[in-house]
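Worksheet for the structure shown next.
In what follows, chains carry the letters A, B, and so on, assigned in the order in which the sequence lines appear, proteins first and then strands, with residues in each chain numbered from 1. Values below: all heavy atoms of this structure, side chains included; hydrogens, waters and symmetry mates excluded.
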Number of protein chains: 4
Amino acid sequence: MKDKLSNRQSEIINTAIKLIGEGGIQALTIKNISSEIGIAESALYRHFKSKTEVLSTLLDFLGVIIISHYENVNKLKISPFGKIEKMISGQLKIFAENPPYAIVILSDGLYKNEKLLYAKIFKIMEGAKSTFIKIIDEGKNTGEIRKDITSEQIAFVIMGSVRLTVNQWSLSGFSFDLKEKGKSLIKTLETLIQSS
Amino acid sequence: MKDKLSNRQSEIINTAIKLIGEGGIQALTIKNISSEIGIAESALYRHFKSKTEVLSTLLDFLGVIIISHYENVNKLKISPFGKIEKMISGQLKIFAENPPYAIVILSDGLYKNEKLLYAKIFKIMEGAKSTFIKIIDEGKNTGEIRKDITSEQIAFVIMGSVRLTVNQWSLSGFSFDLKEKGKSLIKTLETLIQSS
Amino acid sequence: MKDKLSNRQSEIINTAIKLIGEGGIQALTIKNISSEIGIAESALYRHFKSKTEVLSTLLDFLGVIIISHYENVNKLKISPFGKIEKMISGQLKIFAENPPYAIVILSDGLYKNEKLLYAKIFKIMEGAKSTFIKIIDEGKNTGEIRKDITSEQIAFVIMGSVRLTVNQWSLSGFSFDLKEKGKSLIKTLETLIQSS
Amino acid sequence: MKDKLSNRQSEIINTAIKLIGEGGIQALTIKNISSEIGIAESALYRHFKSKTEVLSTLLDFLGVIIISHYENVNKLKISPFGKIEKMISGQLKIFAENPPYAIVILSDGLYKNEKLLYAKIFKIMEGAKSTFIKIIDEGKNTGEIRKDITSEQIAFVIMGSVRLTVNQWSLSGFSFDLKEKGKSLIKTLETLIQSS
DNA sequence: TATGAATGAGAATTCATTCAT
DNA sequence: CATGAATGAATTCTCATTCAT
């Protein structure tokens, strides 16, 4: 994982993201990236040794954003439900503001033959999951969250439904208000998992 | 939508499915299909007028399998929870026995530039959702399912978590027992949505 | 050269002509012809042994129409100028009513590698030319046509300008009135070649 | 329209011309061009973005040659008849020395589905026509050319017969002496259009 | 850092034609 | 007469990558 990106590298990653946003993963070609930036295709190889490395760095970049979002929320001094609400709404806000991020996260099947890439997506999801689990455990301790289901299962259900929401938003061509949809989802999830 | 497939057409669709299973959507090329069958590439065009038509027919085929599974379950004379359990477990069984089906259903992003294909996937998901909603309504009537959440939302949460399960299974290279995982998911979902 | 065409053969030739009219020579494929008629591609080979034979027959058919038009005009008991006028206007009328004929006659370059086809077009043009020459000779005898230019050269100039007219009409997408344009061309040509 | 061609681009255009000369428009394929030059097919796409662009550039190139020929002749301080003679003979000389040029100019029907290409050919012909008209007007002023026919019609007759000459030369496989044929045509035309 | 030129492997599709039934 | 299935050669074009300058 790259530690610090050069200006050109950042530019490449940002352009890659933009291209994905405009035309999906298929639009992400070396040619498109470089002509968008205004450099030669070969120049790109000065900054990344392969297209896979571009994608890999892109995923690192995305991972940092998402994971740090989760960690920041987790550090807040608010109730577990407040945290869950903020985690979901914040995540959806990130996607709403950067649709390409959603596309990248959802295109997992594409990376199948690139174990490295798959592993990175997997890691992001695991990071999210473990944060959720921590918060749910907290909620169980305070008595707010039901104890008859394992925290992992609860986290799983939350992530599944958030993911499906994003999925449908993406397939719809980003045509509905993701944050609005998120609000009602959050309410549903809270109702489902709160102690009775 | 094709009504009845010729032998060769079925063979092509089956081969396409097999190829997807082995190498993902990227492995689905005209050349691969035809050389797997043992005919010339051009021969394939006697049976389908384009690659898109192959994919489209494949999705029709898949749709019929999935939707009829849901409908069959819905016709059973069992309790709503029984139906939900059978719907999920049956669906996962289909995927467990035919991993490529899972790949096709999950690769939605890929078809972005082919509205027709996307529409077919969408229709399959809608079909599943409406069946779920009917069953949940039934469960609310019998008093088994909680009434403080709309049926649509419940269906959404169920589908999201089922989908995520399949997703992770696919990403893991089909390495864990999907049906086993499904069983605990079903238990979780039932616990979540039953009336208290 | 085929003596008498079967019904199916005529149908094929007519369809070929229609296709050329609609989409140019490139639209003339075995597949297009047969699917337009509603038979299998292979069925076409019962009636013509190759695509070249289709074209060849088509040119025969066209040749008969054009040459007989010229001969008929030549048989009329009218002045040479009357004949020239009728030859040109009649020819343009045929094209105006059957634009594909014009396309076929003008697409000579296409048949370059098919000597047979080239020869047929050449023959049609020679037939026209010799009729023109005969009429011009007549006109010289009656004193109506200038004698300071060989009949062949006059015929050549006439045919060149008629051909260019048709050419431009074809390139314009048949957008102007060919017969109208023909009238002024005829007047010009008569003025040019009459005795002073 | 390209302003300045790179060496490779010129090489490609020249090769394209050569191929057309040897085998007609049908011989102009990306594969033929590239293998003739000795590069990979894909390499060609570094220099032209499509085959249409190759043809388009080729027509530009041809257009410049022809139009500048006409303009140069028009600038000469000679009589109108001298100019007409030089325009025709010079044009035929160009074709005689570069038979492929003739093929390209005459293959107009082929470009029917490529409006751009057709438009270029059209423009070349219009350029030629307007120069002819100017010269004919001049000739009318000096009294050398007959005034009973519009200059446009005269230009049309000239161009039609020149074109037919080139056409027959091309169809004959470039077998006769184009310049010789041109000389007698010029004489004919002059006789036809001079004042009596 | 950057470029221009090139490459090889593929990809989807078209077309005229053949042949057994 | 007609068909369905198949073929092989072409064709245009794309893509990630390399390398000398």
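For A/Arg8, the side-chain atoms get nearest to E/dA2 when compared with the rest of E/dA2, E/dA5, F/dC1. Listed nucleotides: F/dT11, E/dT1, E/dT14. Nearest to the side chain of A/Arg46: E/dT1. The side chain of D/Ser42 lies closest to F/dC15 when the candidates are E/dA16, F/dT12, F/dC15. For A/Ser50, whose side chain is taken as the heavy atoms from C-beta onward, the closest listed nucleotide among E/dA16, F/dT7, F/dT17 is F/dT17. When distances run from any side-chain atom of B/Ile39 to the nucleotides E/dA5, F/dT7, E/dA16, the shortest one goes to F/dT7. Listed nucleotides F/dT14, F/dA2, E/dG4 differ in distance to A/Ala40; the shortest reach to its side chain belongs to E/dG4.
The separation between B/Phe48 atom CZ and E/dT13 atom P is 13 Å, rounded to whole Å. Straight-line distance from the NZ atom of A/Lys49 to the P atom of F/dT17: 10 Å, rounded to whole Å. Atom CG of C/Leu44 is separated from atom P of E/dC19 by 17 Å (rounded to the nearest Å). In this structure, C/Tyr45 places its OH atom 17 Å from P of E/dA20, rounding to the nearest Å. When rounded to the nearest whole Å, the span between CD of A/Gln26 and P of E/dA12 equals 13 Å. Between C/Ile30 atom CD1 and F/dT3 atom C1' the separation is 16 Å, expressed in whole Å. As a whole-Å value, the separation of C/Ile12 CD1 from F/dA2 C1' is 12 Å. Nucleotide E/dA6 holds its C1' atom 13 Å from the CD atom of D/Glu11, rounded to whole Å.
Considering CG of C/Asn32 and OG1 of C/Thr15, their distance stands at 11.0 Å, rounded to 0.5 Å. How far CG of A/Leu5 is from CD1 of A/Ile12: 9.5 Å, rounded to the nearest 0.5 Å. A distance of 11.5 Å separates CG of D/Asp60 from CD1 of D/Ile65, quoted to the nearest 0.5 Å.
Within the nucleic acid shown, C/Ile33 has no heavy atom closer than 4.0 Å to any nucleic acid atom. Across all strands, B/Ser6 comes closer than 4.0 Å to no nucleic acid atom at all (heavy-atom distances). B/Thr29 comes within 4.0 angstrom of sugar-phosphate atoms only, judged by non-hydrogen atoms across all strands, and of no base.
In this entry E/dT21 has F/dA2 as its Watson-Crick or G-U wobble partner, both defining distances falling under 3.5 Å.
With the nearest nucleotide of DNA chain F identified for both B/Gly38 and A/Thr52, B/Gly38 has the one nearer the 5' end.
The residues B/Arg46 and C/Glu41 are annotated as salt-bridged, a charged nitrogen and a carboxylate oxygen being separated by less than 4.0 angstrom.
Within the 3.5 Å criterion, the main-chain N or O of B/Ser6 finds a donor-acceptor partner in the side chain of B/Ser10.
Put simply, the residue from D/Leu62, D/Ile25, D/Ile17 that forms a side-chain contact (heavy atoms from CB on, under 4.5 Å) with D/Pro100 is D/Ile17.
At the phosphate of E/dA16, OP1 or OP2 sits under 4.0 Å from a side-chain N or O atom of C/Lys51. Note on D/His47: every side-chain N or O is 4.0 Å or more away from OP1 and OP2 of E/dG4.
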